[in-house]
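All values below were derived from every heavy atom in this structure, side-chain atoms included, with hydrogens, water molecules and symmetry-related copies excluded. In each ligand, atom 1 is the first atom listed, and ligand 1 is the first ligand listed. Position 1 is the first residue of the sequence; numbering continues from there.
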Amino acid sequence: RMVRLRDRLSRSGALGRGLLGLLTRESVDQDTWDEIEETLLLADLGPDPTDELLEGLRERMRVLGTNDPAAVREVLREELVKIIDPALDRRLAATRREAADGTSIPSVILMVGVNGTGKTTTVGKLARVLVAEKRGVVLGAADTFRAAAADQLATWGSRVGVETIRSDRDGADPAAVAFEAVKQGLEQDADVVIIDTAGRLQNKKGLMDELGKVRRVAEKNLHGSPVAEVLLVLDATTGQNGMQQARVFSEAVDVTGIVLTKLDGTAKGGIVVSVQRELGVPVKMVGLGEGMDDLAPFDPHGFVDALIG
Ligand code: GDP
């Protein structure tokens, strides 16, 4: 049910167009190498990965003894996949599991990230994917800071046909909502409980305290087991600013995966590599639009195919 990454990105050109054009030339000369480098840097691949990739690429071309653009393109494809790291485990924990004491519990997913990155939309899209896979889902609106956030989440919930647990008053304790959502998930034998948290960009201590408490209280119902995932939602269009946010969040809470949103609206798809390196956790999903089917599992091969055709 999820859209195919390749089909969507090839239309939007997340780093590709320039690269493709360069590799349809007759031969790859020094100017072309410089332009490839520039294209990768402009796509936010980051200086170190760009150097690494180009070194690997040029060395392999030397060994092959050719500067044929088609050959460069194939090797570039392989080197890009390598740098995105196909060995990382990008599967999402989203099934019932066995707790430390043997009790069957849902997978609890905490969604964290700054307001405006697409967190709530991502929760809605993810719920839709899971429902389509016939899984039981409960949503928790633990962003109690803004009433509009809970409304927005509840709207997604009714659209995809799942229950949304929320507080009936503004400024309620987000941890209490998380507690109730997990409790509801247990009672309904749900497969997954997805908890949307507040995304005020406060200081690290405040964020740590708030997310730490939501997490601890959610885990009170998990029979000695931890939450299954903490997904950090990042807006791909924000570049280095987004990386700064990513750092603050990953220091405040143990992130298990990244969701990169708005990849449809950027030519900076190289951020996938930068953010994985910086945080040491894989990009697991990407947002490719505002619609409810615009979420795709991230796969390095599909991504690279979309980039270089
Ligand atoms: P939150 O404040 O982090 O919960 O962000 P929202 O879920 O409210 O999303 C903020 C805006 O980004 C909304 O207008 C969404 O429709 C939009 N948005 C979310 N994900 C994507 C995406 O993958 N692509 C695009 N183009 N827009 C998105």
Side-chain angles (χ1 to χ4, degrees), residues 1-15 44 92 109-129 139-160 162 164-166 170 174 177-178 181 194-202 207 210-211 214 230-239 241-246 248-250 252-253 255 257-269 271-272 275 283-299 302-303 306:
R1 196 61 105 78
M2 288 204 220
V3 293
R4 288 187 59 219
L5 185 61
R6 189 195 155 131
D7 297 346
R8 294 300 301 273
L9 277 181
S10 40
R11 271 184 271 146
S12 68
L15 119 179
D44 261 356
L92 192 70
I109 301 177
L110 282 191
M111 304 290 289
V112 305
V114 176
N115 290 335
T117 52
K119 198 156 26 85
T120 306
T121 306
T122 301
V123 174
K125 292 171 179 173
L126 179 57
R128 173 160 165 93
V129 170
L139 304 182
D143 181 355
T144 56
F145 200 67
R146 304 174 301 157
D151 289 345
Q152 194 192 343
L153 191 72
T155 301
W156 271 105
S158 49
R159 211 189 287 172
V160 305
V162 303
T164 304
I165 304 301
R166 59 180 298 182
D170 268 13
V177 175
I194 311 174
I195 299 173
D196 193 15
T197 65
R200 280 168 296 155
L201 196 49
Q202 64 236 94
L207 194 66
E210 183 165 324
L211 292 176
V214 166
V230 178
L231 296 181
L232 174 62
V233 181
L234 287 177
D235 177 340
T237 65
T238 56
N241 202 5
M243 293 295 294
Q244 188 55 39
Q245 293 169 9
V248 174
F249 273 89
S250 74
V253 61
V255 173
I258 299 154
V259 183
L260 211 50
T261 61
K262 310 186 194 181
L263 211 55
D264 54 305
T266 181
K268 299 198 167 293
I271 195 82
V272 167
V275 74
V283 171
K284 292 194 168 180
M285 290 179 293
V286 293
L288 298 166
E290 299 186 88
M292 54 184 175
D293 290 318
D294 296 334
L295 183 73
F298 181 74
D299 92 275
F303 184 69

Proximal atoms of ligand 1 relative to Gln152 (non-hydrogen, under 4.0 Å) | 6 (P), 7 (O), 8 (O)

Would you give the length of the straight line joining atom CD1 of Ile109 to atom CD1 of Ile195, rounded to the nearest 0.5 angstrom?
-> 10.0 Å

Could you give the distance from CG (Leu110) to CG (Leu231), rounded to the nearest 0.5 Å?
-> 8.5 Å

How far does CG of Leu232 sit from CG of Leu260, to the nearest 0.5 angstrom?
-> 9.5 Å

Any nitrogen or oxygen of Lys262, main chain or side chain, under 3.5 Å from a nitrogen or oxygen of ligand 1?
-> yes

Is it the side chain, the backbone, both or neither of Met285 that has a heavy atom closer than 4.0 Å to ligand 1?
-> neither

Taking only non-hydrogen atoms of Lys119 and a 4.0 Å limit, the atoms of ligand 1 in range are 1 (P), 3 (O), 4 (O), 5 (O), 7 (O)

For Glu290, counting its heavy atoms only, list the atoms of ligand 1 lying under 4.0 Å from any of them.
-> 13 (C), 14 (O), 15 (C), 16 (O), 17 (C), 25 (C), 27 (N), 28 (C)

Leu288 heavy atoms within 4.0 Å reach ligand 1 at atoms 23 (O)

Relative to the heavy atoms of Thr120, which atoms of ligand 1 are at a distance of less than 4.0 Å?
-> 1 (P), 4 (O), 7 (O)

So between Gly287, Gly118, Gly289, whose heavy atom ends up nearest atom 21 (C) of ligand 1?
-> Gly289

What distance separates Leu295 CG from Leu126 CG, expressed to the nearest 0.5 Å?
-> 6.5 Å

Taking Lys119 for its side chain and Thr197 for its backbone only, find out whether a donor-acceptor pair lies under 3.5 Å.
-> yes

Which atoms form the tightest heavy-atom contact between Lys125 and Met292, and what is the distance?
-> CG-O, 3.7 Å

Could you tell me the separation between the OG1 atom of Thr117 and the NZ atom of Lys262, rounded to the nearest 0.5 Å?
-> 7.0 Å

Among non-hydrogen protein atoms, atom 20 (N) of ligand 1 lies closest to Lys125 NZ, 3.8 Å

Determine whether any heavy atom of Gly199 lies closer than 4.0 Å to an atom of ligand 1.
-> no

Closest protein heavy atom (residue, atom, distance) for atom 2 (O) of ligand 1 | Gly116 N, 2.6 Å

Would you please determine whether Thr117 falls within less than 4.0 Å of ligand 1 on a heavy-atom basis?
-> yes

Which one holds for Val114 and ligand 1: side chain close, backbone close, both close, or neither close, with close meaning a heavy atom under 4.0 Å?
-> backbone

Run the numbers for me: atoms of ligand 1, each under 4.0 Å from some heavy atom of Thr121, listed by number.
-> 6 (P), 7 (O), 9 (O), 15 (C), 19 (C)

Between Asp264 and ligand 1, which residue portion shows a heavy-atom distance shorter than 4.0 Å: side chain, backbone, both, or neither?
-> side chain

Flag side-chain contact, heavy atom, 4.5 Å: Val123 against Trp156 = no

Judged by non-hydrogen atoms, does Val233 sit under 4.0 Å from ligand 1?
-> no

May I ask you to check if ligand 1 and Thr261 share an N or O to N or O distance below 3.5 Å?
-> no

Side-chain touch Val230/Leu211, heavy atoms, less than 4.5 angstrom = no

Would you confirm whether Asn241, through its side chain, and Thr238, through its main-chain N or O, come within 3.5 Å as a donor-acceptor pair?
-> no

